[in-house]
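For reference, positions follow the sequence shown, starting with 1.
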Amino acid sequence: MSDSTLPHERPSGPSRRGFLIGTGSIAGLSMLGGTAHARAAGPIGNGAHVPALVIGTGYGGSVAALRLAQAGVDVHMIEMGQAWDTPGSDGKIFANTRTPDVRSYWLRTRTKQPLSNFLGFPLDKNVPRHTGILDAEDFSGITVYQGRGVGGGSLVNGGMAVTPKRARFSSVLPSVNAAEMYDVYYPRANAGLGVNEIDPAWFDTTAAYQYSRVGRKHAQRSGFDFTFVPNVYDFDYMEQEAAGTVPKSALAAEILYGNNHGKKSLQQTYLAQAKATGRVSVSPLHKVTSVSPASGGGYTVVIEQMDTTGATTATKTVTADRVFFAAGSVGTSKLLVQMRATGKLPNLNNEVGKGWGDNGNVMCGRANHMWDPTGALQSSIPTTGIDNWDDGGAFAEVAPIPTGIETWASFYLSITDTPHRAEFSWNAAAGRAELNWQTAWKQASIDMAKSIFDKINRKEGTIYRTDLFGVYKIWGDHLTYHPLGGAVLNKATDNYGRLHGHPGLYAIDGSLIPGNTTVNPFVTITALAERNIEKIIATDL
Ligand code: FAE
């Protein structure tokens, strides 16, 4: 949140993007003595041997790849999703939130929109099965939304780049030195991600944030702390969108299925720097299915290549000296519990699979009075939040509903201090990893979110919307955007992400974080990866 723990400066727009990438590649080259390796382009070949293999191209994986490459290590990244670098027939790489299409969902034949209804009418529609960008992965009791493609969650997320309040950090990662994180690794992560803040004067006047200003008015009249939240969307670009001088993205309802402009996803930041070192290659549409010790040392990794229908087109076996699990909390947990149960990685400990949480996510809408319109134009990029963590256990982001029409709705995604943690396990009979989450556990999160919204409703004389998640359903309590845990730091791994029992295997993504970050998670995932990879490079390589 926008407190004194946010160490970044307001960058100056697209020119800064070039600067970030430029300095990264220069730093990389200087560490290599000026000789960048020319690497063969294209996907990994059967029988290949690589010094470092990274599973997944989200935050953890991108940090690992960049820093390893800068230290002179050749890296191959394996990514099950698409590259997302080629425009579709409409000339755009990414689909619009208002018109989901073949690009939008990961191997589903019907969309599963987080906001499933409007005025009670279902919004979902049939789409061709395709390796689309947003995975709505169903487990018993919860749907976990994740990004699929080169860039992982950074492709689909809202870009909210929040450093937890320092006083709360010991509850997030108790074994990590907070001073180091706040002095070194959070600043490094914020700089690497290109985090910036909205100009408050523009916020106060633009039509695109009327919904946030209504949110602020209601929060403050009920006595809650209201904070600006930094983002990786370039706010200078957004101001130009509003002025009509550049193609629109945030102001044209792009979010969830990718942003064609304005957002600094990992493709523009860490991954661009990593590729510029000349030491990092990426295999999109490749999925790791097995990791096991190789007879001559290192690890044998089995990888399935797929086409855009999800069908396997080739199976490849490669060896890697070191393997970094960066498949996201769910992807890493699923792989590790399967490898332990099937005897491929028998020495993984009993903590693997445990400590999984939903960051306490719960959604709701409020129905405003006719004199409180939230605006037909809503920036798809949230930039404000209501902080009632200390008193009620909830931090709520004021989220947009960018339908293009006036809705008189205020919409919120709350992050809550839920006590519940689930566990992944391998179901051998069914041949899949399962999660023992219970739907009823969301009640704790609902109660915490109500500490904010019951009070606001009382004060304003308003009620909850009942038409956004079904018919007469108030709470979006069936989902999470923020899966965390499953290979928890200092439990399944040592204090730097080295998996117990198998030297040379590391977890370096959201799986390390035990279920909650008190705010949106990707800055903490990035900062922790920066911390861990620095130690690993210094001591293991
Ligand atoms: P992640 O980014 O998920 O990357 C993992 C990658 O591994 C993915 O690209 C996978 O396709 C790939 N993968 C998985 N399994 C395999 C396999 N077997 N083989 C090969 N590749 C594999 O992991 N967070 C915020 O902080 N602020 C926000 O505003 C925000 N908004 C969000 C909105 C939405 C709709 C969603 C879905 C998430 C949002 N998040 C937000 C969460 C954030 O994106 C998430 O915490 C991070 O992306 C997790 O980073 P990881 O590196 O753990």
Side-chain angles (χ1 to χ4, degrees), residues 1-11 59 153-154 156-169 172 182 186-187 189-191 193-204 206 208-220 224-239 250-251 255-256 259 262-265 359-363 374 378-390 392 394-402 410-417 449 452-453 481-482 516-527:
M1 65 220 46
S2 58
D3 65 8
S4 58
T5 58
L6 291 163
H8 47 272
E9 297 167 5
R10 183 175 159 76
Y59 294 92
S154 79
V156 300
N157 67 32
M160 294 180 82
V162 198
T163 300
K165 281 203 167 150
R166 186 164 172 167
R168 296 172 193 159
F169 182 78
V172 178
Y182 284 81
Y186 274 118
N190 278 301
L193 294 165
V195 174
N196 72 155
E197 285 178 81
I198 195 165
D199 174 357
W202 186 68
F203 173 86
D204 275 336
T206 178
Y209 281 112
Q210 186 177 333
Y211 74 97
S212 287
R213 294 196 298 273
V214 169
R216 174 174 63 186
K217 182 173 71 178
H218 293 168
Q220 289 179 339
F224 292 116
D225 283 347
F226 193 83
T227 60
F228 283 110
V229 172
N231 205 290
V232 296
Y233 197 95
D234 184 335
F235 285 111
D236 286 338
Y237 187 89
M238 201 190 295
E239 288 188 33
L251 300 197
I255 188 82
L256 273 187
N259 284 83
K263 193 163 99 180
K264 286 167 277 184
S265 76
N359 211 24
N361 280 188
V362 67
M363 292 177 177
T374 45
Q378 301 198 359
S379 169
S380 61
I381 297 298
T383 191
T384 54
I386 303 168
D387 187 358
N388 193 38
W389 192 267
D390 292 334
F395 172 80
E397 61 179 67
V398 181
I401 310 186
S410 286
F411 182 52
Y412 309 90
L413 168 62
S414 298
I415 293 159
T416 64
D417 194 10
I452 298 176
F453 303 114
Y481 284 178
H482 300 164
N516 203 296
T517 50
T518 74
V519 289
N520 314 61
F522 74 63
V523 174
T524 297
I525 294 171
T526 306

| message | I'd like to check Asn520 versus Glu397 (side-chain heavy atoms, cut-off strictly below 4.5 Å). Are they in contact? | response | yes
| With sequence neighbours excluded, residues passing ring pair (Phe, Tyr, Trp, His ring centres under 6.0 Å) with Tyr209 | Phe203, Tyr211
| message | Tell me every residue that passes side-chain hydrogen bond (donor to acceptor under 3.5 Å, both in side chains) with Asn259, counting only those two or more places apart in sequence or in another chain. | response | Ser249
| task | Would you name the heavy atoms of Thr384 and Ser212 that are closest together and state the gap between them? | result | OG1-OG, 3.4 Å
| said: According to side-chain hydrogen bond (donor to acceptor under 3.5 Å, both in side chains), who are the partners of Asn231, at least two apart in sequence or on a separate chain? | reply: none
| said: If I take atom CG from residue Leu251 and atom OG from residue Ser380, how far apart are they, to the nearest 0.5 angstrom? | reply: 7.5 Å
| said: Checking Thr163 against Asn190 for the side chain to side chain contact (heavy atoms under 4.5 Å, CB included) test, could you report, in this order, the C-alpha distance in whole Å, the side-chain angles of both residues, the deciding distance, and whether it holds? | reply: CA-CA 9 Å; Thr163 300; Asn190 278 301; 3.3 Å; yes
| At their closest point, which heavy atom of Arg213 faces which heavy atom of Thr206, and how far apart are they? | NH1-O, 2.7 Å
| said: Before you tell me yes or no, could you show the steps for Val398 and Phe226 under side chain to side chain contact (heavy atoms under 4.5 Å, CB included), namely the whole-Å CA-CA distance, both residues' side-chain angles and the distance that decides it to 0.1 Å? | reply: CA-CA 10 Å; Val398 181; Phe226 193 83; 3.9 Å; yes
| said: According to ring pair (Phe, Tyr, Trp, His ring centres under 6.0 Å), who are the partners of Tyr59, at least two apart in sequence or on a separate chain? | reply: Phe522
| query | So Tyr412 and Ile452, side chain to side chain contact (heavy atoms under 4.5 Å, CB included) or not? Walk me through it. | reply | CA-CA 11 Å; Tyr412 309 90; Ile452 298 176; over 6 Å; no
| request: Identify, with sequence neighbours excluded, every residue that meets side-chain hydrogen bond (donor to acceptor under 3.5 Å, both in side chains) alongside Thr416. | output: Ser445
| request: Measure across Pro164 and Thr518 and return the closest heavy-atom pair with its distance rounded to 0.1 Å. | output: CB-OG1, 3.7 Å
| query | Hey, are the side chains of Pro187 and Tyr182 touching, using non-hydrogen atoms and a 4.5 Å cut-off? | reply | no
| said: Ignoring hydrogens, what is the shortest heavy-atom contact between Ala449 and Ser414? Give both atom names and the distance. | reply: CB-OG, 3.8 Å
| How about Val172 and Asn516: do any of their side-chain heavy atoms sit closer than 4.5 Å? | no
| message | Just to verify, what does Asp225 make a salt bridge (Lys or Arg N to Asp or Glu O under 4.0 Å) with, not counting sequence neighbours? | response | none
| note | By salt bridge (Lys or Arg N to Asp or Glu O under 4.0 Å), Arg216 pairs with (sequence neighbours left out) Asp204
| Trp389 vs Arg168, side chain to side chain contact (heavy atoms under 4.5 Å, CB included): CA-CA, chis, key distance, verdict | CA-CA 10 Å; Trp389 192 267; Arg168 296 172 193 159; 3.6 Å; yes
| request: Supply the atom-to-atom distance Asp236 CG to Asp199 CG, rounded to the nearest 0.5 angstrom. | output: 8.5 Å
| Results of side-chain hydrogen bond (donor to acceptor under 3.5 Å, both in side chains) for Thr524 - residues two or more places apart only | Tyr186
| Expected output: side-chain Thr383 to main-chain Val229 donor-acceptor under 3.5 Å | yes
| request: Find the distance between CZ (Phe395) and CD1 (Ile386) and round it off to the nearest 0.5 Å. | output: 9.0 Å
| request: Indicate the atoms forming the closest heavy-atom contact of Phe235 with Glu197, along with that distance. | output: CD1-C, 3.4 Å
| Heavy-atom side-chain proximity of Gln210 to Thr374 below 4.5 angstrom | no
| request: Answer yes or no: is there a side-chain heavy-atom contact under 4.5 Å between Thr526 and Leu193? | output: yes
| Minimum side-chain heavy-atom gap Ile198-Phe228 below 4.5 Å | yes
| Sidechain-backbone polar pair: Gln378 side chain, Ile401 backbone, donor-acceptor under 3.5 Å | yes
| message | Are the side chains of Ser379 and Pro400 in contact, using a 4.5 Å heavy-atom criterion? | response | no
| query | Got a donor-acceptor contact below 3.5 angstrom from the Lys264 side chain to the Tyr233 backbone? | reply | no
| Just by modelled atom types, is the Ala250 backbone N or O under 3.5 Å from a matching donor or acceptor in the Lys263 side chain? | no
| Side chain proximity check, Asp390 to Asn388, heavy atoms < 4.5 angstrom | no
| Is a donor on one side and an acceptor on the other found under 3.5 Å between the side chain of Asn359 and the backbone of Asn361? | no
